[in-house]
2 protein chains.
Amino acid sequence: MTTVTLAQVAERAGVSTATVSMVLRNRGRISQATRERVLRALDESGYVYNQTAANLRNRSSNQVGLLLHDITNPFYSEMTAGLSHEMERHDLLLFLANSEESGERQQRFVDSLMRNNACGMVLCAARDTPQAFFDGLKRRNIPVILTVRTFGDADFDYVGTDNFFGTQLATAHLLKLGHRHIAFIGGSHNSGTRAQRIGGFTSKLIEHGLSPKPEWIVASQASQSDGARVAEALLTAYPEITAAVCYQDIVALGVMQALRKMGRTPGQDFALVGFDDITEAALVQPALTTVSVAAKEIGRKAGELLYSRIQGNDEPPKRIILPPALVIRGSCGFHQASGAE
Amino acid sequence: MTTVTLAQVAERAGVSTATVSMVLRNRGRISQATRERVLRALDESGYVYNQTAANLRNRSSNQVGLLLHDITNPFYSEMTAGLSHEMERHDLLLFLANSEESGERQQRFVDSLMRNNACGMVLCAARDTPQAFFDGLKRRNIPVILTVRTFGDADFDYVGTDNFFGTQLATAHLLKLGHRHIAFIGGSHNSGTRAQRIGGFTSKLIEHGLSPKPEWIVASQASQSDGARVAEALLTAYPEITAAVCYQDIVALGVMQALRKMGRTPGQDFALVGFDDITEAALVQPALTTVSVAAKEIGRKAGELLYSRIQGNDEPPKRIILPPALVIRGSCGFHQASGAE
DNA sequence: TTGTAGGCGTTATCAG
DNA sequence: CTGATAACGCCTACAA
């Protein structure tokens, strides 16, 4: 399979390479006759366009990168699907990489994108990404969209969900059901997202005249088992707690386990709200009331914004915050909670 | 941010581009002195290697494609993670695309890969992919690894699991627990994978002197909701069924929903086995007994094989069939099933 | 409307 | 050990 070049096609059609190039990209004025001749030659020769050469010549490319920490997480695979779809609409190719929370892998990927002359990227940066990484990114002049995780750097476009409002919804729901002893469970101390969710939680408490207790706000790793561990300790120390807003659905599932182990029944004498609306949330018994964040839509919006940046849109950095919604299921009970004071 | 080229670095270091290129790639013999000079110049100038130019010159690339039909399916996202990891080990960049079962999208992606001079691809082809698509692939001289779905084309490398054996395991397990009224739920009619799984199911029944009932073998889309829909219809018509082998975990999760809705309890009066061992399988209550196919491992193996092909391995096409394993959890109960005849 | 020719940044060949 | 130079395949002034 020797590669067929423009020049060969041109020769076969009896025209110059310039003409073929123009036909290929519908540029310039070409007579109908020669156009057809060229098209025929193109077809007969089995020509395959060489993007690489074109990209080199144009100092451009049609490739964008997506960095996640874990594609295995249903939230991110949904988001990926949304982004992928959007990229395809614009004939952009999508590079995928998993940082697995490693700053080094993340840096390697970005470097690789730069070497490959990618024209943009969507990042959900690894947890403890240093500011230096972002500074490095700014120096390159390439469109970057941050997603999901905020790093307090206003120089980048950002697409994510309204964490603050999300936990406000969750908390308001519990308050409406009569709960007054509400805990916040999950998230890791150094997480900005967590700070926002805690903000929504506490602000809503205060709005209702309750003062948030720091000792009822506990961290946990993003796993069911750690959620269970943490919840058990908390509820042993403070049995008066009757409800919890969880940082993540996964954690909420762990809390459910702990409750059962302690002889309490989620949905009856304890109310639980999660965050993310992962698939499992609908499956457990009782099904988990949770805050839904439309992962696919985040991907789509990020793609849209990235594309506009690639097209040259140079408005100041945007923050697109998609509104979350409360999905009410069984885990808070459907009536006034019995355990409320 | 004007791009710094080799030539500029060369000038700064007072050497030729050839020398810089050699230093960059550790090729040829370069004196320690000039090497250091060049490295310093490289560093000071903020040079970024231009893969595109190198690729053009070398008629090669470091980019491979992965085509899936649905990255949202946890099985495929696991597989993607495995492949992605493997690709990164070899400094290959991974293009991702979702065909969404559309032959047209699939073709577009492959064409795009060819234009971009990708050096290989891993495909899980769309369902009704015509032979012509594969023929086209063969004409290009590019390594292709098919995964998961077989298309009976022996000219391609293939990595997948032993579907037949997998459902044999699942079915044997249910039989051992005493079940005699066992259904097969899920998969779409025209799926080759499904045919194999049904084969394992029915062969095991027959081995035990049971004759498979066609009306207890029902298809479903790859979603929880459709699994639930289909299961409800089936179990309403045939309440005597006490167990089911499901085509996929997702479908099994849907069946669980249906069971609960109908007042039956998975793990107590109904036994359920899934297939895939997706993450959620371990999380639902009761946890799902399932056939584990090590999706991540399939991705990894596909990556390994692809890499060896890219390196020039031209042995005849291989079929790598990974053995599935039964993962016993709670969804079949731990004792003789009460509902068995 | 079409052709000519130089250059995108790197690499490999071949002298020196 | 190092330098000059011609490709790689395409695009685009500039000419014709």
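Letters go in sequence order (proteins before strands), and every chain restarts at 1.
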Thinking salt bridges, do B:Asp153 and B:Lys138 make one under a 4.0 Å N-O criterion?
yes

How is B:Thr17 classified with respect to the nucleic acid when contacts are heavy atoms under 4.0 Å: base, sugar-phosphate, or nothing?
base

Can you tell me which nucleotide in D:dT12, C:dT2, D:dC11 comes closest to the side chain of A:Ala54?
D:dC11

Looking across every strand, which nucleic acid part, if any, lies under 4.0 Å from A:Arg29 by heavy atom: base, sugar-phosphate, or nothing?
base

Picking from D:dT2, D:dC11, C:dT11, which would you name as closest to the side chain of B:Thr19?
D:dT2

Reading DNA chain D from 5' onward, which residue's closest nucleotide shows up sooner: B:Ser31 or A:Asn50?
B:Ser31

Would you kindly give the CZ-to-P distance between A:Arg25 and D:dC11, to the nearest whole Å?
5 Å

When the C1' atoms of the five terminal pairs at each end define the local axes, what inter-axis angle does the helix from C:dT1-D:dA16 to C:dG16-D:dC1 show, to 10 degrees?
40°

Output a table of nitrogen or oxygen pairs between the protein and nucleotides 13-16 of chain D separated by less than 3.5 Å.
none

In whole Å, what is the span from the CG atom of A:Leu6 to the C1' atom of C:dT4?
15 Å

When all nucleic acid strands are considered with a 4.0 Å heavy-atom cut-off, which category describes B:Thr34: base, sugar-phosphate, or nothing?
sugar-phosphate

By nearest nucleotide on DNA chain D, pick out whichever of A:Tyr47 and B:Ile30 is the more 5' one.
B:Ile30

